[in-house]
A.B. asks: 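Have a look at this one.
Remember, it's a predicted structure, so these values are computed and weren't measured experimentally.
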Amino acid sequence: MGFRKLLASLGAGGASVETVLFEENVVPGGVVQGEVRIQGGSVPQAIQGLSVGLQARVEAEREEEEVRRDVEFSRLRLGGAFEVRAGAVHTVPFGLEIPWETPVTTFLGRPLHGMGVGVTTELAIARAVDSSDLDPVRVHPLPAQQAILGAFERLGFRFAAADLEQGRIHGTRQRLPFYQEIEFSAPPQYRGLSEVELSFVADGREMDVVLEMDKKPGLFSEGSDSYRSFTVGLHDFEGTDWAGYLHQWLAEVGGRRNWL
């Protein structure tokens, strides 16, 4: 059973709401199952609307500084208006679809620090809206995404950080208003490379893989970024040596220090 969050009572004698996730482990393109339990208070109340949604903590630039804000990127309305009688219990099941672009929050059983993705519950009553805290979900990578992440580990790269950036990656199939960057520290054999930032942008058939490679500064040159992107099928990725494929690009950019 997943995390449970209890909303404050909605006014004096009002109802309280609890959201239960049956399983908090999900993958992009999957479904998170759960139910919303509404416990009637001491007086009957008219509920105007009930919904659940997915929310993420996203970084955005504003007036030359970065701010973090909560962005809802999926919502499911659960039925229409109804009345909660005093002391009665209403249970509303739901299945909330996980968009294919949902950011990964865990890899090989370890959380990717910096990620905050979860389910929120919203109850509309008497022209007011009461929202729950975040019920976290653990978003595991798709098999194709895991193949790319595992290739980086085999090449000696180490996870450094992850964040969600407001904006778009041009030339990709992106639909959400933000994208994920997973940052790896480069191993010593890529002497000219400082770090690599990896982004996945998937749909139900393929995903765009975008690499931003941060080159170290040389004696007579400043550091610079180099970009590469390629497309991977979600169902036909297993025949490729991804470590070897990535190494060709990474060695070209960071195989040696650029002194001139």
A.B. asks: Check Leu155 against Pro187 and note the closest heavy-atom contact, atom names and distance.
C.D. replies: O-CG, 3.5 Å
A.B. asks: Can you find a pair of side-chain heavy atoms, one from Val139 and one from Pro103, that are under 4.5 Å apart?
C.D. replies: no
A.B. asks: With side chains defined as the heavy atoms from C-beta onward, is the minimum distance between His140 and Arg138 less than 4.5 Å?
C.D. replies: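 When only atoms from C-beta onward are counted, Arg138 and His140 do touch, with a gap below 4.5 Å.
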A.B. asks: Is there a donor-acceptor pair closer than 3.5 Å between any side-chain N or O of Gln145 and the backbone N or O of Leu142?
C.D. replies: yes
A.B. asks: Look at the side chain of Ser194 and the backbone N and O of Asp214, then say whether any donor-acceptor pair between them is shorter than 3.5 Å.
C.D. replies: no
A.B. asks: Could you state whether Val201 and Phe152 fall into the same hydrophobic cluster, counting links through intermediate Ile, Leu, Val, Met, Phe, Trp or Tyr residues with side-chain heavy atoms under 4.5 angstrom apart?
C.D. replies: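 No; tracing contacts between hydrophobic side chains, which count when under 4.5 Å, never links both residues.
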A.B. asks: Atom CG of Asp208 and atom CD1 of Ile169: how far apart are they, to the nearest 0.5 Å?
C.D. replies: 8.5 Å
A.B. asks: Taking Gln174 for the side chain and Gly167 for the main chain, is one N or O donor matched with an acceptor at less than 3.5 Å?
C.D. replies: yes
A.B. asks: To the nearest 0.5 Å, how far apart are CG in Leu21 and CD in Gln33?
C.D. replies: 10.5 Å
A.B. asks: Taking atom OG1 of Thr19 and atom CD1 of Ile38, what is their separation to the nearest 0.5 Å?
C.D. replies: 9.0 Å
A.B. asks: I need the minimum non-hydrogen distance between Pro141 and Thr106, along with the two atoms involved.
C.D. replies: CD-O, 3.1 Å
A.B. asks: Check the pair Leu78 / Val36 against side-chain contact (heavy atoms from CB on, under 4.5 Å), numbers first and verdict last.
C.D. replies: CA-CA 9 Å; Leu78 304 178; Val36 180; 4.1 Å; yes
A.B. asks: Does this structure show an ion pair linking Arg228 with Glu252, if we count only N-O contacts that are shorter than 4.0 Å?
C.D. replies: yes
A.B. asks: Going from CZ on Arg57 to CG on Leu164, what distance comes out if it is rounded to the nearest 0.5 angstrom?
C.D. replies: 10.5 Å
A.B. asks: Angle between ring planes, Tyr245 versus Trp249, binned at 30° and 60°: parallel, tilted or perpendicular?
C.D. replies: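 Plane angle between 30° and 60°, so tilted.
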A.B. asks: Salt-bridge test for Glu153 and Arg110: reply yes if a basic N is under 4.0 Å from a carboxylate O, no otherwise.
C.D. replies: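 Judged by the 4.0 Å cut-off on N to carboxylate O distance, Glu153 and Arg110 do form a salt bridge.
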A.B. asks: Does one hydrophobic cluster hold both Val89 and Val17, with members joined at side-chain heavy-atom distances below 4.5 Å?
C.D. replies: no
A.B. asks: Would you indicate whether the side-chain heavy atoms of Glu197 and Leu211 approach each other to under 4.5 Å?
C.D. replies: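 Side chain of Leu211 against side chain of Glu197, heavy atoms only: no contact under 4.5 Å found.
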A.B. asks: Ignoring hydrogens, what is the shortest heavy-atom contact between Glu83 and His90? Give both atom names and the distance.
C.D. replies: O-NE2, 3.4 Å
A.B. asks: Do the non-hydrogen side-chain atoms of Val32 and Glu24 ever get within less than 4.5 Å of each other?
C.D. replies: no
A.B. asks: Show your reasoning for whether ring pair (Phe, Tyr, Trp, His ring centres under 6.0 Å) applies to His247 and Tyr190.
C.D. replies: CA-CA 10 Å; His247 173 72; Tyr190 302 102; 5.7 Å; yes
A.B. asks: Taking it one step at a time, do Val31 and Leu96 satisfy side-chain contact (heavy atoms from CB on, under 4.5 Å)?
C.D. replies: CA-CA 5 Å; Val31 177; Leu96 180 60; 5.6 Å; no
A.B. asks: Are Val210 and Leu246 linked, directly or through other ILVMFWY residues, by side chains that come within less than 4.5 angstrom of each other?
C.D. replies: no
A.B. asks: When clusters are formed by joining ILVMFWY residues with side-chain heavy atoms under 4.5 Å apart, either directly or through shared neighbours, do Leu76 and Val119 land in the same one?
C.D. replies: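 Yes.
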A.B. asks: Would Leu234 and Met207 count as a side-chain contact (heavy atoms from CB on, under 4.5 Å) if you check the C-alpha gap in whole Å, the side-chain angles of each, and the deciding distance to 0.1 Å?
C.D. replies: CA-CA 7 Å; Leu234 296 186; Met207 67 177 179; 4.1 Å; yes
A.B. asks: Between the main-chain N or O of Leu149 and the side-chain N or O of Trp242, is there a donor-acceptor pair closer than 3.5 Å?
C.D. replies: no
A.B. asks: Counting distance only, does the side-chain N/O of Arg75 pair as donor-acceptor with the main-chain N or O of Arg77 below 3.5 Å?
C.D. replies: no
A.B. asks: Output the distance between atom CZ (Arg168) and atom CG (Leu176), rounded to the nearest 0.5 Å.
C.D. replies: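 Here the rounded value is 9.0 Å.
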A.B. asks: Evaluate the side-chain proximity of Val71 to Pro177: yes if any heavy-atom separation is below 4.5 Å, no if none is.
C.D. replies: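 Contact flag for Pro177/Val71 side chains = yes.
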A.B. asks: Side chain of Glu181, backbone of Glu165: donor and acceptor closer than 3.5 Å?
C.D. replies: no
A.B. asks: Spell out, yes or no, whether Leu250 and Phe230 are grouped together once hydrophobic residues are joined by side-chain heavy atoms under 4.5 Å, including indirect joins.
C.D. replies: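 In one cluster: yes.
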A.B. asks: Run Arg173 and Thr231 through side-chain contact (heavy atoms from CB on, under 4.5 Å) and show every step you take.
C.D. replies: CA-CA 10 Å; Arg173 66 198 71 220; Thr231 300; 3.7 Å; yes
A.B. asks: Can you confirm whether Arg68 sits close enough to Val58 that some side-chain heavy atom of one is under 4.5 Å from a side-chain heavy atom of the other?
C.D. replies: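 The answer is no, as the side chains (C-beta and beyond) never meet within the 4.5 Å cut-off.
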A.B. asks: Does the pair Phe200 and Tyr179 meet the rule for a ring pair (Phe, Tyr, Trp, His ring centres under 6.0 Å), with working shown?
C.D. replies: CA-CA 8 Å; Phe200 296 121; Tyr179 57 91; over 10 Å; no
A.B. asks: Just how far is it from atom CE of Met115 to atom OG1 of Thr102, taken to the nearest 0.5 Å?
C.D. replies: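 Answer for the CE-OG1 pair, Met115 versus Thr102, is 12.5 Å.
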A.B. asks: State, to 0.1 Å, how close Gly40 and Val84 come at their nearest heavy-atom pair, and which atoms those are.
C.D. replies: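 So the minimum-distance heavy-atom pair works out to CA-CG1, 3.4 Å.
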A.B. asks: Go through the side-chain N and O atoms of Arg69 and Gln166 and say whether any donor and acceptor fall under 3.5 Å apart.
C.D. replies: yes
A.B. asks: Please report the closest heavy-atom contact between Pro99 and Glu97, naming both atoms and the distance.
C.D. replies: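 It is CD-O, 3.4 Å.
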A.B. asks: For Ser185 and Ala160, work out which heavy atoms get closest and say how close.
C.D. replies: OG-CB, 3.7 Å
A.B. asks: Determine whether Phe73 and Val117 make a side-chain contact, defined as any pair of heavy atoms from C-beta on separated by less than 4.5 Å.
C.D. replies: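 Yes; the side chains approach each other to less than 4.5 Å.
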